[in-house]
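Lettering follows sequence order; numbering is per chain, from 1. In this text, all values refer to a predicted model and were calculated from it rather than measured experimentally.
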Amino acid sequence: MSTPYNHKEIEKKWRKHWEEHPINVNDGKKPKYYCLDMFPYPSGSGLHVGHWRGYVISDVWSRYKLKQGYYVIHPMGWDAFGLPAENYAIKMGIHPSISTASNIANIKRQINEIAAIYDWDMEVNTTDPEFYKWTQWIFVKMFKAGLAYEKEMPINWCPSCKTGLANEEVVNGKCERCGAEVTKKNLKQWMLKITAYADRLLADLDKLDWPEKVKKMQSDWIGKSYGAEVDFPVDGADETITVYTTRPDTLYGATFMVLAPEHKLAKGLATEETRAAVEDYIFKSSMRSNVDRMQDKEKTGVFTGSYAVNPLNGAKIPIWLSDYVLADYGTGAIMCVPAHDDRDFEFATKFHIPIIQVIAKDGKEIEHMTEAYTEAAGTMINSGEWNGMESAVLKKEAPEMIEKMGFGRKTTNYKLRDWVFSRQRYWGEPIPIVHCEHCGAVPIPEDQLPLLLPEVESYQPTGTGESPLADIDEWVNTTCPVCGAPAKRETNTMPQWAGSSWYFLRYVDSKNPDALVSREKADQYLPVDMYIGGVEHAVLHLLYSRFYTKFLCDIGAIDFDEPFQKLFNQGMINGKNGIKMSKSKGNVVSPDDLVRDYGCDSLRMYELFVGPPELDAEWDDRGIDGVYRFLNRFWNLVMDNKDKDIAATDEMIRVRNKMIYDITTRLEAFSLNTVISGFMEYNNKLIEIAKQSGGVDKQTLVDFVSMLAPFAPHIGEELWEQLGQSGSVFDKENPWPVYDESKMAETEVEIAVQINGKTKAVVKIAKDADKENAIAAGKAALGDKLAGTVVKEIYVPGRIINIVVK
RNA sequence: GCGGAUGUGGCGGAAUGGCAGACGCAUCAGACUCAAAAUCUGACGGUGGCGACAUCGUGCGGGUUCAAGUCCCGCCAUCCGCACCA
């Protein structure tokens with residue numbers, strides 16, 4: 001009996017060996033492959049088996065690429081600024097710089113248990129001044145390019161986190177971080193003009209090999225629409241109200257107009273009689289929270305007392321105020337066509353406003369309208385000179401017609417808003433701006449960066465709309481970099497997304513003091529070829545990173561404008577019954593015990609075996625026994641056969657080639673769970689062959705080990721050595737095995753024989769048997785089960801025989 | 001409301017339109033053992049039958065096809081995303 005599989009000794013041995021003999025070295029000749037994980041924030045609770053999943057997937061892929069001869073860039077770092085780190089520090093009563101450092105140390109230790117080929121020389125940490133120097137530098141560049149600007153406006157405010165939030169951070173009216181209901185607060189904010197990139201962010205999605213779901217989420221979030229602006233004069237006044245509409249074809253059907261209560265003309269449109277009601281409505285709207293406005297869809301509104309004139313036909317239509325019109329989309333005012341819009345229909349019905357149908361439905365006018373007809377399909381009616389036109393055609397042509405008629409213009413609109421970039425919190429990059437009475441907002445000169453985050457004793461959020469930094473007089477008071485007069489520093493900090501929007505560029509040149517990344521290294525090693533992480537960042541980090549990359553490309557810092565060529569979103573791992581793993585639910589499975597009892601290799605393989613990588617999975621501790629038993633059985637197979645010197649039979653050669661083919665195609669398809677079951681199938685098969693033939697040839701075992709190694713690297717290296725192979729199994733001299741298609745095919749196959757599509761027998765025939773012989777063999781196998789008149793005989797070589805009888 | 005994903009044994013899951021349930025977990029039986037664990041061998045969708053076998057079976061209802069988990073039409077359920085964007 002040979003030595004049994006001892007994961008502890010083997011894993012210890014090869015960890016030490018890899019430390020002394022790195023396997024992923026850049027010899028300057030190999031092509032690069034950049035495989036990136038979404039870097040974690042250093043939470044206090046450490047990793048659970050769910051976190052392992054993405055890291056294992058990316059490491060398996062990296063090692064596969066390594067064996068294909070690439071120099072693999074596979075770095076790891078820490079997204080250490082931001083709310084989670086700061087909230088944890090507050091809870092524990094430790095300064096965030098201290099808790100962050102100790103959390104990083106702990107998580108780094110845990111991550112190393114995965115045995116991934118991370119290159120720790122590249123490690124980055126967003127809170128390192130040498131890193132955030134460049135986060136600030138990018139902000140300064142954006143400021144100089146006019147993309148960072150200050151604006152006072154009502155923004156999303158989380159009363160629990162005590163900070164402003166970007167639109168992307170508000171989920172169903174609640175804070176993305178803590179779940180508290182988001183309110184509005186009027187604050188002077190730094191904004192990033194991401195809208196300037198809306199068109200490119202939308203169009204370039206086509207270039208990306210990303211899951212359709214994420215592309216869809218981004219394009220919906222950008223929300224481009226095509227339509228027209230139309231100018232409506234206010235009856236008896238000098239004012240004009242411009243509305244935005246995507247349905248200019250229905251202009252004749254406009255029977256009223258609605259302005260957002262926040263519209264700048266809203267108050268002025270009130271008459272003597274309506275003033276009190278209008279002011280009351282505007283005030284009440286301002287008090288309603290987002291959640292209120294979203295949940296309560298019952299339309300409210302107030303008539304201003306004024307009328308607008310439809311520029312097309314001169315009709316006077318009443319102007320109303322209602323909070324179903326959003327102030328910050330389009331022009332904050334809409335023309336309302338109740339016959340052809342659900343919301344307008346509801347409003348008109350409630351307030352008894354006339355409804356004029358302008359598109360015929362099924363060729364006629366509806367007698368008693370009970371709901372709006374919203375299709376742009378049908379002939380125009382009640383529409384003056386437009387009568388008889390097809391609405392679908394008119395919808396496209398109307399914007400230009402209106403433009404020619406001189407009371408409007410063709411235009412597009414986006415749902416995407418500029419990015420609220422200020423946070424009223426301590427633990428973030430200080431915004432490198434000085435406010436000077438004479439010069440206004442002045443950026444800190446680039447050669448004076450980084451602007452260090454000052455050490456403070458009280459870093460708790462104030463809740464007043466000011467950052468804790470505002471209390472540090474000696475830091476706030478400074479001089480203007482332009483005129484030298486006394487000036488005050490900006491006290492808000494950047495959001496967590498600032499560092500993560502560009503960190504992937506820094507890895508390949510992480511210690512460069514002169515540039516965020518040298519152009520030389522950027523050209524050589526970037527962009528990212530494969531990005532692996534959760535789907536939760538679809539419209540946050542992944543959108544912001546694309547924006548930053550495009551900007552940095554525009555200023556010549558880099559030469560590509562999309563950061564991530566290919567994206568893979570792994571599913572979450574949940575606890576029993578699909579309940580999300582969390583400390584409070586007490587269902588967190590720690591990898592530490594599993595590594596101890598089964599070894600890193602078994603856990604890595606089970607992380608993949610647990611289910612299709614793109615879907616959520618339920619963790620079941622017992623399942624790991626299966627892969628552990630497989631590794632034991634395979635270990636024994638190799639140890640029993642390595643010195644036997646068995647000559648390969650035709651069957652062994654065939655199985656070997658088929659095995660390489662199966663494993664490779666499944667891996668290329670990213671079907672990692674079936675790669676693992678494939679290993680198990682072929683292990684079972686080889687054990688069977690060994691039983692029958694007295695052993696298995698060595699080459700088959702060598703190829704098996706070669707493919708297994710990226711999944712289970714320790715046992716892979718050990719068996720590689722046991723098989724007497726030279727070097728590391730990951731050396732480029734030991735590439736991923738190739739299959740010979742001509743040697744895969746079986747000469748004889750078992751195929752099913754069916755009568756009317758139901759299998760009645762199985763027959764073994766030559767794979768390429770001709771129809772006559774095959775049918776004859778099939779009929780023979782059926783014997784007297786075949787009764788009745790044969791109507792049709794179907795034979796698909798290697799697949800099926802089907803006899804159709806009556 | 002709109003959009004997307006998913007639905008297969010006790011469980012996780014597998015199936016280029018071609019023998020549904022590979023692979024694994026759990027369970028049961030047997031071998032080994034004084035015994036247990038580990039390991040090995042076998043059984044393992046439902047119903048009927050001692051049995052070879054028959055019959056039903058991939059969320060539900062239709063359809064296309066010699067043949068449907070897979071393709072088409074219409075539903076249902078669960079999950080996710082968006083949600084008054086004019």
If the P atom of G4(B) is compared with that of C53(B), how far apart are they to the nearest Å? 47 Å
For Lys213(A), report the nucleic acid contact type (base, sugar-phosphate, nothing); a contact means any heavy atom under 4.0 Å. sugar-phosphate
For G9(B), decide between syn and anti, treating a glycosidic angle within 90° of 0 as syn. syn
Pick the nucleotide of RNA chain B nearest each of Val610(A) and Glu750(A); which residue has the one closer to the 5' end? Val610(A)
A68(B) to C32(B) separation - C1' atoms, rounded to the nearest Å: 48 Å
Atom CZ of Phe345(A) and atom SG of Cys336(A): how far apart are they, to the nearest 0.5 Å? 13.5 Å
For Asp328(A), is there an ion pair with Arg417(A) - N to carboxylate O distance below 4.0 angstrom? yes
What nucleic acid atoms does Val804(A) come within less than 4.0 Å of, heavy atoms only: base, sugar-phosphate, or nothing? sugar-phosphate
Using a cut-off of 4.0 Å on non-hydrogen atoms, how would the nucleic acid contact of Lys691(A) be classed: base, sugar-phosphate, or nothing? sugar-phosphate
Looking only at atom C1', what distance separates A67(B) and A15(B), rounded to whole Å? 16 Å
Can you check whether Lys216(A) has a side-chain N or O nearer than 4.0 Å to OP1 or OP2 of C80(B)? no
When all nucleic acid strands are considered with a 4.0 Å heavy-atom cut-off, which category describes Asn673(A): base, sugar-phosphate, or nothing? sugar-phosphate
OP1 or OP2 of G24(B) less than 4.0 angstrom from a side-chain nitrogen or oxygen of Asn684(A), does that happen here? yes
Using a cut-off of 4.0 Å on non-hydrogen atoms, how would the nucleic acid contact of Gln754(A) be classed: base, sugar-phosphate, or nothing? base
Could you state the CD1-P distance from Ile687(A) to U41(B), rounded to the nearest angstrom? 8 Å
Would you say A67(B) has OP1 or OP2 under 4.0 Å from some side-chain N or O of Lys760(A)? no
Identified pairing partner of C2(B), criterion: Watson-Crick or G-U wobble below 3.5 Å: G81(B)
Closest nucleotide of RNA chain B for Arg799(A) versus for Ala617(A): which of these residues is on the 5' side? Ala617(A)
Under a 3.5 Å distance rule, please check whether Asn587(A) uses its side chain to pair with a backbone N or O of Lys580(A) as donor and acceptor. yes
C1'-based separation of C28(B) from C66(B) [nearest Å]: 41 Å
If I pick the C1' atom on G45(B) and the same atom on U41(B), what distance separates them, to the nearest angstrom? 23 Å
Integer angstrom distance from the C1' of G62(B) to that of G46(B): 25 Å
Hey, would you say the Phe711(A) and Phe679(A) ring centroids sit under 6.0 Å apart? yes
Looking only at C66(B), G18(B), A86(B), the nucleotide nearest the Val796(A) side chain is G18(B)
Check whether any side-chain N or O of Ser225(A) sits under 4.0 Å from OP1 or OP2 of A86(B), and answer yes or no. yes
Rounded to the nearest angstrom, tell me the gap between atom OH in Tyr598(A) and atom C1' in G24(B). 14 Å
Checking all strands, does Asp220(A) fall into the base, sugar-phosphate, or nothing category for heavy-atom contacts under 4.0 angstrom? nothing
Looking only at atom types and distance, does a side-chain atom of Thr664(A) sit under 3.5 Å from a main-chain N or O of Tyr661(A), one as donor and one as acceptor? no
Candidate list Trp619(A), Phe630(A), Tyr598(A), Trp52(A), test ring pair (Phe, Tyr, Trp, His ring centres under 6.0 Å), partner Tyr606(A), passing option: Trp619(A)
In Watson-Crick or G-U wobble terms, both distances under 3.5 Å, what is the partner of G42(B)? C28(B)
OP1 or OP2 of U39(B) versus the side-chain N and O atoms of Arg629(A): is any pair under 4.0 Å? yes
Are the side chains of Arg247(A) and Ile359(A) in touch, meaning some heavy atoms are under 4.5 Å apart? yes
Within less than 4.0 Å of OP1 or OP2 of A86(B), is there a side-chain N or O belonging to Tyr329(A)? yes
Counterpart base for U33(B), defined by Watson-Crick or G-U wobble contacts under 3.5 Å: none
Check every strand shown and say whether Glu618(A) touches a base, only sugar-phosphate, or nothing at a heavy-atom separation below 4.0 Å. nothing
Could you tell me whether Glu793(A) contacts a base, only the sugar-phosphate backbone, or nothing, with contacts defined as non-hydrogen atoms closer than 4.0 Å? nothing
Using the C1' atom as the point on both nucleotides, what is the distance between C56(B) and U8(B), in whole Å? 15 Å
Categorize Phe679(A) for me: base, sugar-phosphate, or nothing, with a 4.0 angstrom heavy-atom threshold over every strand shown. nothing
For nucleotides G69(B) and G63(B), find the distance between their P atoms and express it as a whole number of Å. 15 Å
Per atom distances to the Thr759(A) side chain, the nearest of A14(B), C19(B), A26(B) is C19(B)
Nearest-Å distance for atom pair CG/P, residues Leu321(A) and A86(B): 21 Å
How many whole angstroms separate atom CD of Glu688(A) from atom P of C40(B)? 13 Å
Are Lys299(A) and Tyr324(A) in a cation-pi setup, meaning NZ or CZ lies under 6.0 angstrom from the ring centre and within 45 degrees of the ring axis? yes
Side-chain contact check for Ile800(A): nearest option of C19(B), A22(B), C66(B) is C19(B)
Touch class at under 4.0 angstrom, heavy-atom based, for Arg666(A) against every strand present: nothing
Hey, is the side chain of Asn756(A) poking within less than 4.0 Å of OP1 or OP2 on A67(B), counting only N and O atoms? no
From the set G24(B), C82(B), C84(B), return the single nucleotide nearest to any side-chain atom of Trp221(A). C82(B)
